[in-house]
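Read through the structure below, which is laid out as structure tokens, and then see the notes.
In each ligand, atom 1 is the first atom listed, and ligand 1 is the first ligand listed.
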Amino acid sequence: MNLLVVDDEVELGSVVATEVAKVLAAAEFATLGLATGSTPQPAYRALIQMCRDGELSLANNNAFLLDEYFGLPASHYESFAATIQRDFVHGVDFPNGTVKSLDGMTDNAAATCLDYEHAIQASGGIDVQLLGIGRNGHIAFNEPGSALDSRTRMVELTQETIAVNGAANFDQFQPTHALTMGVGTILEGRYLIMMASGPAKATAVQQALEGPVDSACPASAVQTHENVLVVLDRAAAAQLS
Ligand code: PGA
């Protein structure tokens with residue numbers, strides 16, 4: 001595992017964008033795994049800037065989102081599908097329709113999740129997977145207790161996750177469940193880039209990187225992957241030994 005501790009979010013964004021660009025430059029066709037949330041925002045801003053400057057193109061690429069709230073249509077402002085569109089996809093040049101997300105309105109979650117796994121495999125697997133980490137050690141919506149070989153599936157969200165992610169404030173919609181790529185699915189990505197910033201993540205980061213590999217901290221599974229970059233700001237790295 002490679003660990004980089006950076007000074008601020010601008011540097012975090014620039015380091016991660018540079019890594020992603022390296023993967024894209026090395027492959028004719030690469031598949032990205034995208035995370036929503038606040039942590040990857042600087043990386044998305046840096047990637048958009050690289051595209052605007054003509055240093056990067058995503059025209060030969062596609063992407064899969066990690067997760068989605070169950071019961072929320074992709075057209076809803078707060079869906080992860082809509083969020084990634086606003087935060088990243090609108091500013092780059094993925095071909096139309098190549099950024100896939102889980103259908104939060106499915107009436108057959110098991111089939112939707114299996115189809116997603118098949119679609120990832122059909123695209124050749126994920127070449128570079130961006131990941132945040134939750135304060136409780138979750139990756140994607142794999143909450144503590146998620147098996148480290150879990151696949152894409154429906155999960156129940158903890159109240160803490162609902163509150164921290166802001167979903168408790170959605171108008172007329174209170175998510176209780178989500179669809180998420182599993183820990184095992186994520187570990188199949190060829191290169192994982194996990195990011196964390198701010199003091200609220202310091203304990204989870206310490207447990208994920210230095211604690212036992214255990215489903216109590218799903219992010220600890222990254223320790224078992226042979227090609228991982230972890231990029232932290234100083235506050236998120238503060239409890240590392
Ligand atoms: P955040 O979310 O980037 O908004 O902190 C990370 C996560 O919960 O995985």
Side-chain angles (χ1 to χ4, degrees), residues 6 8-13 15-17 20 32-47 64-70 72 77-88 101-102 104 126 129-146 148 150 152-153 155-170 175-183 185-187 189 192-209 215-222 228-239:
V6 298
D8 54 33
E9 67 165 33
V10 173
E11 195 182 352
L12 184 145
V15 164
V16 172
V20 171
L32 276 72
L34 301 177
T36 47
S38 55
T39 315
Q41 297 304 317
Y44 292 144
R45 285 195 290 273
L47 286 164
F64 289 86
L65 246 65
L66 280 170
D67 45 13
E68 184 59 275
Y69 288 114
F70 180 64
L72 206 55
Y77 185 84
E78 299 289 357
S79 76
F80 285 173
T83 302
I84 201 74
Q85 194 66 36
R86 286 193 302 277
D87 290 349
F88 180 45
S101 55
L102 285 150
I126 288 177
Q129 175 67 62
L130 301 181
L131 292 169
I133 176 172
R135 297 177 196 199
N136 64 0
H138 70 207
I139 40 171
F141 272 141
N142 293 285
E143 300 281 38
S146 295
L148 302 187
S150 51
T152 305
R153 69 203 186 289
V155 292
E156 186 172 359
L157 299 172
T158 64
Q159 285 307 313
E160 183 199 9
T161 292
I162 292 168
V164 166
N165 284 28
N169 302 322
F170 291 178
T176 56
H177 290 73
L179 305 180
T180 184
M181 277 167 58
V183 181
T185 318
I186 291 167
L187 290 177
L192 310 183
I193 302 180
M194 191 164 89
M195 299 162 253
S197 51
K201 300 292 176 67
T203 301
V205 165
Q206 194 278 333
Q207 284 169 4
L209 303 190
S215 64
C217 178
S220 66
V222 302
V228 182
L229 172 65
V230 179
V231 188
L232 308 172
D233 73 0
R234 292 194 188 284
Q239 289 182 30

Considering only protein heavy atoms, which is closest to [atom], and at what distance to one decimal place?
atom	value
atom 4 (O) of ligand 1	S38 N, 2.9 Å
atom 7 (C) of ligand 1	H138 NE2, 3.4 Å
atom 3 (O) of ligand 1	T39 OG1, 2.5 Å
atom 6 (C) of ligand 1	I133 O, 3.6 Å

If you look at every heavy atom in Y44 and D87, which pair is closest and at what distance?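 What the structure gives for the nearest pair is CB-O, 3.7 Å.
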Between V222 and L192, what is the shortest heavy-atom contact and its length?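 So the two residues come closest at CG1-CD1, 4.3 Å.
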Does the pair R45/E9 count as a salt bridge with the N-to-O cut at 4.0 Å?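 Salt bridge: yes.
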Hey, is ligand 1 close enough to T36 that some N/O pair sits below 3.5 Å?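 No; every N/O pair is 3.5 Å or more apart.
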Pull out every atom of ligand 1 sitting under 4.0 Å from any heavy atom of G37, numbered as shown with elements.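 Numbered from 1, ligand 1 contributes 3 (O), 4 (O).
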Quick check, are the ring centers of F70 and F141 under 6.0 angstrom apart?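 For F70 and F141, the ring centres are not under 6.0 Å apart.
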Which residues pass the side-chain contact (heavy atoms from CB on, under 4.5 Å) test with Q85, sequence neighbours left out?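 With sequence neighbours excluded, Q85 shows a side-chain contact (heavy atoms from CB on, under 4.5 Å) to V89, given in chain and number order.
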I need the contact type for T161 against ligand 1. Using non-hydrogen atoms and a strict under-4.0 Å cut-off, is it side chain, backbone, both or neither?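 The answer is neither; T161 stays 4.0 Å or more away.
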Taking the side chain from T180 and the backbone from D67, do they hold a donor-acceptor pair closer than 3.5 Å?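 No.
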I'd like to know if K201 contacts ligand 1, where contact means a heavy-atom distance under 4.0 Å to any ligand atom.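 Yes.
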